[in-house]
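I have placed the structure first, in the form of structure tokens, so that the comments after it can refer back to it.
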Number of protein chains: 2
Amino acid sequence: MNAVATKPPPENDLNERLAHSGLRLTPQRQQVHEVLREKMDHPTADQVFLRAKNKMPEISMATVYNCLDALVKCGMVRQVTLDRGATRFCPNMQDHSHFYCDECGSVYDILQTISPADAGIRLPRGFRLKNIETNLHGLCPDCAAKAK
Amino acid sequence: MNAVATKPPPENDLNERLAHSGLRLTPQRQQVHEVLREKMDHPTADQVFLRAKNKMPEISMATVYNCLDALVKCGMVRQVTLDRGATRFCPNMQDHSHFYCDECGSVYDILQTISPADAGIRLPRGFRLKNIETNLHGLCPDCAAKAK
DNA sequence: TCAAGATTTAGAATTATTCTAAATAGACGG
DNA sequence: CCGTCTATTTAGAATAATTCTAAATCTTGA
């Protein structure tokens, strides 16, 4: 078995998923999803826009962002690196990971009890690994308390 | 040279580190580093700029970016989420992580043999974890071959 | 059919980052 | 010390990425 991932099953439940999140299936959302599945090269929003335009010349950039957000929200698409906004910086060079509060946006240093390097990640032949970045997402103690 | 043995400045190895990467220690770089160490709340470049201006009103945004890049390059600062550019999207909802080639910028899906959730990460009380994102960085097979 | 609400659109606005060219500051050899 | 060389800083413009706005359109359900 090869460790490089294979194409996911065809779009069976897109409609269902959208509906489950209170969203509608529209031609644009379908198209954007199709573009992503066609060539799984992790395109940027801009690339998705250009590709979608081939089949659907009227589509606009704003709609592509809308559709991507909708697809992410309903769990059909992953945003590769969840930070849409300014990069943050950290002077702590110890081995640690970061916890992002989805609610308030704050970031916490989290000490690692076991380095993810020991977590059993196995790379296919030829890849040369330099470092691993682990990002945790959820609610910080304050927001978790409020959410109750 | 002072005959009285003075305590090494807290900065002790900033200079050394910069030098090791062929970079100079400048007041601005020192100031930016100081700002980061003063309040470890993972500020954005913009926030660093505003804070640095208090002590050093002449400093410019471009310099802050310069300094941050220098500090990251010499290993004194981490960039929290290494993606400075457009967000990428991925329709593969299987449990997997992403490998970023530092050389050519391409992104590969990597199946996980063990989920990082099992990797022994232990959160302090109160945090509620929703999901984990693991990003691998290094060279892809093509670039690794060329690098030889 | 109509009203309500969701979605799309074009384009403007905002935000984040990079680039450019000129000015300045150190470091180094004479 | 002095001038030269190169790295760095600066202001501001340019570019890139994303979000917002308001009007038009489409869907759904009464």
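Chain letters run A, B, ... following the sequence lines, proteins first and then strands; every chain starts at 1.
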Legend entry - Nearest-nucleotide 5' precedence on DNA chain C, B:Pro27 against B:Ala45: B:Ala45

Inset, instruction - Give DNA chain D the dot-bracket treatment, 5' to 3': Watson-Crick (N1-N3 with N6-O4 or O6-N4) or G-U (N1-O2, O6-N3) under 3.5 Å, [ ] crossing, | other strand. - result: ||||||||||||||||||||||||||||||

Inset, instruction - Name the first nucleotide and the last nucleotide along DNA chain D (5' to 3') that come under 4.0 Å of a heavy atom in chain B. - result: D:dA7 to D:dT18

Legend entry - A:His98: ring-ring contact (aromatic ring centres under 6.0 Å, His included) partners, not counting sequence neighbours: A:His96, B:His42

Indicate every side-chain donor-acceptor pair of residues 140-147 of chain B with a distance under 3.5 Å to a residue at least two apart or in another chain.
none

Inset, instruction - For A:Thr63, enumerate each residue passing the side chain to side chain contact (heavy atoms under 4.5 Å, CB included) test, keeping only those at least two apart in sequence or located in another chain. - result: A:Gln28, A:Ile59, A:Ser60, A:Cys67

For residues 50-57 of chain A, tabulate all N or O donor-acceptor pairs below 3.5 Å that involve a side-chain atom, not counting sequence neighbours.
residue : atom : partner : partner atom : Å
A:Arg51 : NH1  : A:Asp41 : OD1          : 3.1
A:Arg51 : NH2  : A:Asp41 : OD2          : 2.9

Legend entry - Residue closer to the 5' end of DNA chain D, B:Asn66 versus B:Thr87 (nearest nucleotide): B:Asn66

Legend entry - d(CG, B:Leu25; C1', C:dA27) in whole Å: 14 Å

Inset, instruction - Give the rounded distance in Å between these two atoms: NZ of A:Lys73 and P of C:dT7. - result: 9 Å

Inset, instruction - Under 4.5 Å between side-chain heavy atoms, chaining through other members, with only Ile, Leu, Val, Met, Phe, Trp and Tyr counted: pull out the rest of the cluster around A:Val80, sorted by chain and number. - result: B:Tyr100, B:Val107

Inset, instruction - Could you tell me the separation between the CZ atom of A:Arg88 and the P atom of C:dT17, rounded to a whole number of Å? - result: 11 Å

Legend entry - Distance, rounded to the nearest Å, where B:Asp46 contributes CG and C:dA16 contributes P: 6 Å

Inset, instruction - State, yes or no, whether a side-chain contact exists between A:Leu111 and A:Asp109 at a heavy-atom distance under 4.5 Å. - result: no

Inset, instruction - Among Ile, Leu, Val, Met, Phe, Trp and Tyr joined by side-chain contacts under 4.5 Å, find the other residues sharing a cluster with A:Leu139 and list them by chain and number. - result: none

Inset, instruction - Using the test side chain to side chain contact (heavy atoms under 4.5 Å, CB included), find all partners of A:Phe89 that sit at least two apart in sequence or belong to another chain. - result: A:Thr87, B:Leu36, B:Ala45, B:Leu68, B:Val72, B:Val77, B:Gln79, B:Arg84

Legend entry - 4.5 Å side-chain heavy-atom contact, B:Gln30 and B:Leu25: yes

Inset, instruction - Tell me, please, which residues at least two apart from B:His20 pass ring-ring contact (aromatic ring centres under 6.0 Å, His included). - result: none

Legend entry - B:Gln30 CD to C:dG26 P, straight-line distance once rounded to whole Å: 11 Å

Inset, instruction - Please list residues of residues 48-65 of chain B whose heavy atoms come under 4.0 Å from any atom in DNA chain D, ordered by number; otherwise none. - result: B:Glu58, B:Ile59, B:Ser60, B:Ala62, B:Thr63

Legend entry - Phosphate OP1/OP2 of C:dT7 contacted by A:Arg29 side-chain N/O (<4.0 Å): yes

Inset, instruction - List for me each residue that meets side chain to side chain contact (heavy atoms under 4.5 Å, CB included) alongside A:Thr44, sequence neighbours excluded, and say none if there are none. - result: A:Asp46, A:Gln47, B:Ala86, B:Arg88

